[in-house]
**Student:** 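Here it is: the structure, laid out below.
These values consider heavy atoms only, across backbone and side chains, with no hydrogens, waters or symmetry-generated copies. Position 1 is the first residue of the sequence, and the numbers go up from there. For clarity, every value in this text was computed on a predicted model and none was experimentally measured.
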Amino acid sequence: MSRENGPPEAGVGEQLALIRETVRKAKAPKAKPRTWRGAELAAGLPVARVLVDKGLVHLDRYFDYAVPAAMDAEAQPGVRVRVRFGAGEKGGRREGGKLVSGFIVERVAESEFRGVLAPIAQVLSAEQVLAPELLALCRAVADRYAGTLADVVQLAVPPRRARAEAKPSPAPLPPNAPPEAGSWARYGAGDGFLTALARGDAPRAVWTALPGPTWPQELARAAAAALAGGRGALVVVPDGRAAARVDAALRDLIGEGRHVLLTADAGPEERYRRWLAVSRGSVRGVIGTRAAMFAPVADPGLVALWDDGDASHSDPHAPQPHAREVLIQRSMTERAGFLLGGLSCTVEAAQLVETGWARPLTADRERVRAAAPLVRTVGDGDEARDAAARAARLPTMAWQVVRDGLRHGPVLVQVPRRGYAPRLACERCRTPARCRACAGPLEAPQADELACAWCGRPEPDWHCGECGGTRLRAQIVGARRTAEELGRAFPAVPVRTSGRDHVLATVPGTPALVVSTPGAEPVAEGDGYAAALLLDGWALLGRPDLRAGEEALRRWLGAAALVRGQAEGGTVAVIAEPTLRPVQALVRWDPVGHAVRELAERAELGFPPVSRMASVAGRGEDVRDLLRSAELPSGAEVLGPVPLPVPDPGRPRRPGDPQPGEEWERALVRVRPGQGAALAAALKAAQAARLVKREGEAVRLRIDPPDLG
């Protein structure tokens with residue numbers, strides 16, 4: 001028992017002394033409010049814990065700041081603030097420091113910091129944009145991907161636009177009526193899935209969509225069912241074109257005002273205004289691209305992702321989270337229904353079904369055969385009629401499919417590479433043509449141009465360093481040259497191109513040749529394409545990547561699904577080795593079977609997603625130093641380091657890629673299932689320790705890298 005209360009056997013004198021002390025304390029003047037340089041601090045909870053916008057791994061924690069009394073009402077958890085960061089103590093006071101942005105995450109009575117706290121410099125806005133649920137999600141994502149909370153919050157909360165914040169959001173509308181099953185009736189459990197969503201349950205499904213143009217309407221019906229149950233709905237798709245299709249379908253179902261479209265095409269201010277409507281609870285439905293995976297939907301009843309194999313779902317910015325994993329996390333923590341849909345099936349999706357976490361949502365084989373087009377390959381019969389069938393880029397069978405298709409409608413031609421001639425070699429000795437300045441590969445963006453794919457330097461007077469030849473040949477033919485060749489072969493037919501520089505959303509249903517790169521295929525109006533030609537299959541299947549077969553099948557299915565069904569005469573010709581597994585899966589239209597076999601092989605070899613893996617890339621000495629210092633989980637297997645493959649010049653440079661000409665190495669760390677969190681924590685701690693000690697350069701960490709070539 002404490003001395004202040006006194007033990008039971010205390011004498012009378014001691015008791016009188018205690019009474020006098022109690023009276024003295026009662027009459028003592030009250031303490032003055034705490035101040036900082038004469039400014040009064042908040043009386044109730046004078047300390048704010050701030051997440052500072054510094055994405056450095058060794059600063060991944062909260063920092064305490066004093067809350068001035070004048071800011072007490074506005075400085076609430078979730079608001080944006082400006083604080084002085086990096087200040088030092090001078091004469092018992094915090095001095096200096098750079099003004100940086102941050103978020104208040106909590107208000108507390110006392111700080112564990114024993115020095116004098118610097119005050120919050122400014123409350124930028126009273127809008128509470130970082131809600132506790134969003135903060136918890138960001139923390140979970142940061143821990144899973146060995147990243148910092150500040151980096152994830154930067155991905156989750158869009159930049160502030162004052163004019164958008166000044167405008168009030170409209171009042172929420174009542175829930176819509178439950179939608180009818182519609183085309184979901186074609187799937188065995190489709191009607192039951194919608195009913196469970198409308199009832200407020202949280203069903204989880206991996207959906208293999210039938211070919212055809214109806215998947216946007218089916219996604220919209222799933223979202224409408226969740227909204228009808230009084231809960232929220234979040235749908236994430238790969239690009240703006242897909243988002244626009246789902247948005248139009250959902251608007252037709254439930255009308256205006258119950259959902260928003262979150263894409264970059266809306267512009268920063270309008271997108272932030274829509275995001276605020278979701279954050280304020282004005283709307284409960286969201287359709288968007290990758291960044292929408294963090295949309296602050298209140299009480300979500302459904303989180304859905306379309307085409308999880310698309311590379312655009314993996315954020316290129318640190319810590320590079322994948323939308324599929326973020327939505328799985330939201331489904332578990334927020335008790336939301338989950339729908340992973342696509343025309344193809346990834347090994348990750350197959351694993352969700354195999355482990356029982358999700359149920360399959362597919363149509364029977366009769367419906368699949370009725371909806372899918374006829375798929376033709378170069379077989380033995382074609383070789384007998386055409387001796388060069390396997391070697392030719394366009395064998396006789398392909399020309400026949402194009403001619404027959406043009407009699408009934410447009411024909412789609414998918415070419416893996418954009419440009420005119422993305423890879424060139426010496427015509428005489430076949431040596432790859434390289435830039436004399438940086439040794440990068442030369443390409444021909446136009447028919448009469450020659451330039452480096454790395455540095456952009458033109459090469460008007462190229463000659464081969466091996467044999468002295470001056471003539472070039474195309475190793476890979478791009479979409480532009482393909483369109484030129486087909487235009488000469490069919491002079492009476494219009495030729496349209498769709499690619500990264502100019503993507504077509506739709507094309508008329510009249511006879512025409514549509515040359516497109518993968519993912520940019522426009523939708524043909526009316527009944528769809530009469531035929532499709534899938535060229536240069538070797539360019540997709542020959543990539544040095546663990547996912548080469550899966551990715552080739554995904555791109556082929558995406559194009560072939562735009563073609564009319566076999567009953568309507570739709571035909572697809574794929575120019576690839578017919579005995580390969582992805583080609584056979586396309587012929588049978590069996591993406592699930594292909595994914596299941598791929599998953600079984602990866603289980604035998606210990607490859608993801610059966611195991612958990614991390615990539616450590618950077619200068620060779622930095623990679624080795626980090627791996628030596630990291631306390632990896634027991635049984636962890638380190639593969640490498642080995643020289644990092646040179647990034648494909650055909651794709652844009654991503655954050656964290658080495659500079660052209662810079663040599664990096666990469667090591668892979670593999671652990672057993674269940675050790676992924678420990679692996680991420682160990683690598684993050686080792687990275688932080690090296691930065692604190694200033695030992696070498698930071699390395700690039702990536703958990704579950706999608707490319708393992």
**Student:** Could you please spell out the steps behind the salt bridge (charged side-chain N to carboxylate O under 4.0 Å, His left out) verdict for Arg555 and Glu551?
**Tutor:** CA-CA 6 Å; Arg555 292 184 174 188; Glu551 178 66 7; 2.8 Å; yes
**Student:** May I ask you to check whether Trp184 and Trp207 place their ring centres under 6.0 Å from each other?
**Tutor:** yes
**Student:** Would Asp53 and Arg80 pass as an ion pair if we require N to O under 4.0 Å?
**Tutor:**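 Salt bridge between Asp53 and Arg80, a charged N being under 4.0 Å from a carboxylate O: no.
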**Student:** Please walk me through it: do Arg335 and Asp299 pass salt bridge (charged side-chain N to carboxylate O under 4.0 Å, His left out)?
**Tutor:** CA-CA 8 Å; Arg335 198 188 164 273; Asp299 186 25; over 6 Å; no
**Student:** Is the His313 ring parallel, tilted or perpendicular to the His322 ring (thresholds 30°, 60°)?
**Tutor:**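 Taking His322 first and then His313, their aromatic rings sit tilted (interplane angle of 30° to 60°).
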**Student:** Which heavy-atom pair separates Gly232 from Ala226 by the least distance, and what is that distance?
**Tutor:**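 The pair with the smallest heavy-atom distance is O-CB, 3.8 Å.
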**Student:** On the 0 to 90° scale, with breaks at 30° and 60°, tag the Trp357-Phe338 ring pair as parallel, tilted or perpendicular.
**Tutor:** perpendicular
**Student:** Work out which heavy atom in Val67 is nearest to a heavy atom in Ala75; give both atom names and the distance.
**Tutor:** CG1-CB, 4.0 Å
**Student:** For the side chain to side chain contact (heavy atoms under 4.5 Å, CB included) test, which of Gln128, Glu127, Met71, Glu74 pairs with Val79?
**Tutor:**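 Single pass found, and it is Gln128.
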**Student:** Under a 4.0 Å N-O cut-off, is there an ion pair linking Glu348 with Arg547?
**Tutor:** yes
**Student:** Among Leu234, Val303, Val235, whose side chain to side chain contact (heavy atoms under 4.5 Å, CB included) with Val286 holds?
**Tutor:**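 It is Leu234, the one option of Leu234, Val303, Val235 that forms the side chain to side chain contact (heavy atoms under 4.5 Å, CB included) with Val286.
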**Student:** For Cys345 and Ala350, work out which heavy atoms get closest and say how close.
**Tutor:** SG-N, 4.1 Å
**Student:** Ile104 and side chain to side chain contact (heavy atoms under 4.5 Å, CB included): which partner among Val123, Leu130, Val81, Val83?
**Tutor:**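 That would be Val81; it is the only one of Val123, Leu130, Val81, Val83 passing the side chain to side chain contact (heavy atoms under 4.5 Å, CB included) with Ile104.
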**Student:** Under the salt bridge (charged side-chain N to carboxylate O under 4.0 Å, His left out) rule, what do Glu334 and Arg330 come out as? Steps first, then yes or no, please.
**Tutor:** CA-CA 5 Å; Glu334 302 179 54; Arg330 295 193 70 167; 2.9 Å; yes
**Student:** Give a yes or no on whether Glu180 atom CD has more than 12 heavy-atom contacts from other residues, nucleotides or ligands under 6.0 Å away.
**Tutor:**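 Incorrect, the count does not exceed 12.
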**Student:** Any salt bridge between Lys684 and Asp60, counting N to O under 4.0 Å?
**Tutor:**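 A salt bridge links Lys684 with Asp60.
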**Student:** Assess whether a salt bridge exists between Arg271 and Asp265, defined as any Lys/Arg side-chain N lying under 4.0 Å from an Asp/Glu carboxylate O.
**Tutor:** no
**Student:** Report the distance from atom CG of Leu253 to atom CZ of Arg221, rounding to the nearest 0.5 Å.
**Tutor:** 5.0 Å
**Student:** Is Asp364 salt-bridged to Arg186, cutoff N-O under 4.0 Å?
**Tutor:**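 Judged by the 4.0 Å cut-off on N to carboxylate O distance, Asp364 and Arg186 do not form a salt bridge.
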**Student:** Holding to side-chain hydrogen bond (donor to acceptor under 3.5 Å, both in side chains), I want the full list of residues that pass it with Arg251, two or more places apart in sequence or in another chain.
**Tutor:** Asp247, Glu256
**Student:** Would you say Arg359 has more than 12 foreign heavy atoms packed within less than 6.0 Å of its CZ?
**Tutor:**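 Counting other residues, nucleotides and ligands, CZ of Arg359 stays at 12 neighbours or fewer.
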